[in-house]
2 protein chains.
Amino acid sequence: MNFDEFIKRTGIPVSFEKGAHVFHQGDSNDSLYFVISGLAKAYYLSIDGKESIKSFIKPGNMISSLSSAHARLPCTFNLLVLENTQLLEIPFKCLTKAAKEHHAIANQLIDRLLMLSMKKEQREYELLTLSVESRYLNFMEREPILAEQLTQNDIAKYLGVTPVALSRIKNRLK
Amino acid sequence: MNFDEFIKRTGIPVSFEKGAHVFHQGDSNDSLYFVISGLAKAYYLSIDGKESIKSFIKPGNMISSLSSAHARLPCTFNLLVLENTQLLEIPFKCLTKAAKEHHAIANQLIDRLLMLSMKKEQREYELLTLSVESRYLNFMEREPILAEQLTQNDIAKYLGVTPVALSRIKNRLK
DNA sequence: TTTGCGCATTAACCTAGGTTAAAACGAGAT
DNA sequence: ATCTCGTTTTAACCTAGGTTAATGCGCAAA
């Protein structure tokens with residue numbers, strides 16, 4: 001039994017129109033979502049209404065609110081789709097159940113989680129040690145195609161800076 | 001077969017004197033370390049010599065350079081002990097091998113990795129959205145005992161500011 | 001064609017934190 | 001008791017980015 005196969009066999013197809021929310025911060029949501037086509041963004045909204053983007057989720061990638069699905073707490077972030085998007089929805093419990101029943105799936109899940117940890121570590125590293133300018137340059141180098149699909153606004157909020165500041169940085173660079 | 005048991009049975013005890021390095025950035029190091037007693041810090045050193053602290057590792061917790069142990073790249077950070085410290089050292093391969101052989105260990109490892117991901121997500125969230133002042137307050141509330149063992153210098157470097165700035169913030173707060 | 005709206009840019013001003021350096025403050029070693 | 005070394009505080013100055021607001025630029029709806 002293969003991990004990808006499991007996702008594709010178990011997942012229920014759901015579609016969202018550009019701009020729609022899959023779930024909101026504060027909700028309870030126990031699913032894992034696999035992006036088939038389209039694009040999603042996971043973002044935080046602070047009390048005073050400021051938006052910060054946690055991540056963009058491209059086709060082939062997955063997203064889940066671990067705090068809700070695994071720890072049974074409210075979702076800490078919002079998930080919305082930036083394009084018309086097709087997802088596969090899998091109850092998180094199904095996945096952990098499958099891991100418990102099929103040793104192969106457990107090991108493939110471990111591999112995914114290790115990859116995820118490394119990715120998160122990289123982002124944490126950049127936020128901790130790099131200037132906004134360096135983060136911007138890294139992002140543009142690593143994700144040139146994605147960057148073209150995004151507004152300056154969203155790139156800025158992903159980098160942890162205001163759109164105004166990002167505009168200045170771009171200006172400074174050329 | 002239990003995860004903790006496995007670590008304790010397989011791990012080789014190693015000791016480091018206060019101030020000693022377990023490994024350096026750029027090294028290759030394929031081990032996972034479990035802290036029995038003492039305290040360790042994982043930190044980045046930038047080209048211009050600036051230090052940023054990735055995390056502190058307390059007794060009962062584990063640390064590994066995933067990029068080296070799992071992805072066979074050089075370590076991205078340094079690991080040094082802040083007190084005389086006893087560790088258990090386990091080749092990372094042993095752990096993944098054990099997960100492949102024992103389904104129970106695989107599932108406990110999944111649980112640990114999910115916890116780790118949530119922790120990293122929390123840190124990423126704070127770095128992305130909160131001011132240094134809020135991060136400082138959160139840290140002091142969450143880790144009051146740990147904070148007492150650390151210098152202001154190390155707390156600042158963990159929060160991503162200079163010691164000078166942290167001193168100012170403390171002053172402002174009282 | 002016009003209206004409206006979201007996005008990007010620019011400018012002026014403000015603030016938090018960086019930088020550098022000096023002084024003050026321990027705690028341990030001699 | 002004094003010296004030393006690392007840590008913390010304080011101060012002066014600088015810079016990156018935040019804030020607010022005005023302007024310009026599409027593009028889609030009417």
Side-chain angles (χ1 to χ4, degrees), chain A residues 17-21 39 41 43-53 56 78 80-84 126-140 144 146-174, chain B residues 17-21 39 41 43-53 56 78 80-84 126-140 144 146-174:
Chain A
E17 301 245 308
K18 179 173 177 164
H21 276 90
L39 182 63
K41 78 170 171 183
Y43 69 100
Y44 302 106
L45 222 51
S46 69
I47 308 158
D48 53 326
K50 221 162 292 171
E51 176 182 339
S52 308
I53 297 182
F56 301 105
N78 305 274
L80 93 56
V81 302
L82 295 170
E83 309 292 344
N84 292 344
E126 296 197 352
L127 288 170
L128 182 62
T129 68
L130 302 184
S131 67
V132 182
E133 185 174 311
S134 305
R135 259 137 63 197
Y136 173 68
L137 290 170
N138 282 359
F139 179 72
M140 295 309 281
L146 173 60
E148 284 185 5
Q149 301 179 64
L150 301 173
T151 63
Q152 211 85 329
N153 264 357
D154 277 349
I155 296 177
K157 284 165 192 163
Y158 176 74
L159 298 175
V161 83
T162 58
V164 178
L166 182 53
S167 175
R168 269 192 300 239
I169 287 168
K170 275 181 64 184
N171 196 325
R172 212 159 64 207
L173 283 172
K174 54 153 207 247
Chain B
E17 302 244 310
K18 180 175 175 162
H21 275 89
L39 182 63
K41 78 169 171 184
Y43 70 99
Y44 301 107
L45 222 51
S46 70
I47 308 158
D48 54 327
K50 222 162 291 173
E51 177 182 338
S52 308
I53 298 182
F56 301 105
N78 305 273
L80 92 57
V81 302
L82 295 170
E83 308 292 344
N84 291 344
E126 297 197 351
L127 288 169
L128 182 62
T129 68
L130 302 184
S131 67
V132 182
E133 185 174 311
S134 305
R135 260 137 63 198
Y136 173 68
L137 290 171
N138 282 359
F139 180 72
M140 294 310 281
L146 173 59
E148 283 185 5
Q149 300 179 65
L150 301 173
T151 64
Q152 211 85 327
N153 263 358
D154 278 349
I155 296 176
K157 284 164 192 163
Y158 176 75
L159 297 174
V161 280
T162 58
V164 178
L166 182 53
S167 175
R168 270 192 300 238
I169 288 168
K170 275 181 64 183
N171 195 325
R172 213 160 63 206
L173 284 173
K174 53 153 207 250

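Letters A, B, ... mirror the listed sequences (proteins, then strands); counts begin at 1.
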* To do: Of all the heavy-atom pairs spanning A/Glu126 and A/Arg135, show the shortest one and how long it is.
  => O-CD, 3.3 Å
* Keeping the roles fixed (side chain from A/Asn84, backbone from A/Glu17), state whether a donor-acceptor pair exists under 3.5 Å. => no
* Taking CD from A/Glu133 and C1' from D/dG18, how many angstroms apart are they, rounded to a whole number? -> 17 Å
* D/dG18 phosphate, OP1 or OP2: any side-chain N/O from A/Thr162 under 4.0 angstrom? -> yes
* **B/Leu127 CG to C/dG17 C1', straight-line distance once rounded to whole Å** => 15 Å
* Flag, side chain of B/Asn153 to backbone of B/Pro163, donor-acceptor distance under 3.5 Å -> no
* Starting from C1' on D/dC27, measure out to NZ on A/Lys18 and report it in whole angstrom. => 12 Å
* To do: Please determine if A/Glu51 and A/Lys41 form a salt bridge, counting it only when a charged side-chain N lies under 4.0 Å from a carboxylate O.
  => yes
* Asked: What is the distance, rounded to the nearest whole Å, between atom CG of B/Leu173 and atom C1' of C/dG17?
  -> 14 Å
* Give a yes/no answer on whether the side chain of B/Arg168 brings an N or O atom under 4.0 Å of OP1 or OP2 in C/dG18. => no
* Asked: Given atom CZ of A/Arg135 and atom P of D/dG17, what is their separation to the nearest angstrom?
  -> 9 Å
* **Closest non-hydrogen atom pair, A/Leu166 against A/Ala156** => CD2-N, 3.6 Å
* Structure fact -> Heavy atoms of B/Leu159 and B/Leu127 approach each other most closely as O-CD2, 4.4 Å
* To do: Take the C1' atoms of the five end pairs on each side of the helix from C/dT1-D/dA30 to C/dT30-D/dA1, get both axes, and report the angle to 10 degrees.
  => 30°
* How many Å lie between CG on A/Asp48 and P on D/dG18, as a whole number? -> 13 Å
* Under a 4.5 Å cut-off applied to non-hydrogen side-chain atoms, are A/Leu82 and A/Asp154 in contact? -> yes
* Structure fact -> Looking only at heavy atoms, the pair that brings A/Ile169 and A/Tyr136 closest together is CG2-CD2, 4.5 Å
* Applying side-chain contact (heavy atoms from CB on, under 4.5 Å), run through B/Phe139 and B/Leu146 and close with a yes or a no. => CA-CA 9 Å; B/Phe139 180 72; B/Leu146 173 59; 4.2 Å; yes
* Protein-nucleotide distance (A/Arg172, atom CZ; C/dT9, atom C1'), rounded to Å -> 15 Å
* Asked: Could you give the NZ-to-C1' distance, from A/Lys174 to C/dT10, as a whole number of Å?
  -> 11 Å
Could you go through nucleotides 7-9 of chain D and list every protein N or O atom that sits under 3.5 Å from one of its N or O atoms, giving the distance for each pair?
{"unit_1": "D/dT8", "atom_1": "OP1", "unit_2": "B/Gln152", "atom_2": "N", "d": "2.8"}
{"unit_1": "D/dT8", "atom_1": "OP2", "unit_2": "B/Gln152", "atom_2": "N", "d": "2.9"}
{"unit_1": "D/dT8", "atom_1": "OP2", "unit_2": "B/Asn153", "atom_2": "N", "d": "2.9"}
{"unit_1": "D/dT9", "atom_1": "OP2", "unit_2": "B/Gln152", "atom_2": "NE2", "d": "3.3"}
{"unit_1": "D/dT9", "atom_1": "OP2", "unit_2": "B/Ser167", "atom_2": "OG", "d": "3.2"}
{"unit_1": "D/dT9", "atom_1": "O5'", "unit_2": "B/Ser167", "atom_2": "OG", "d": "3.4"}

* Would you say A/Lys50 reaches D/dT19's phosphate, i.e. side-chain N/O to OP1/OP2 under 4.0 Å? -> yes
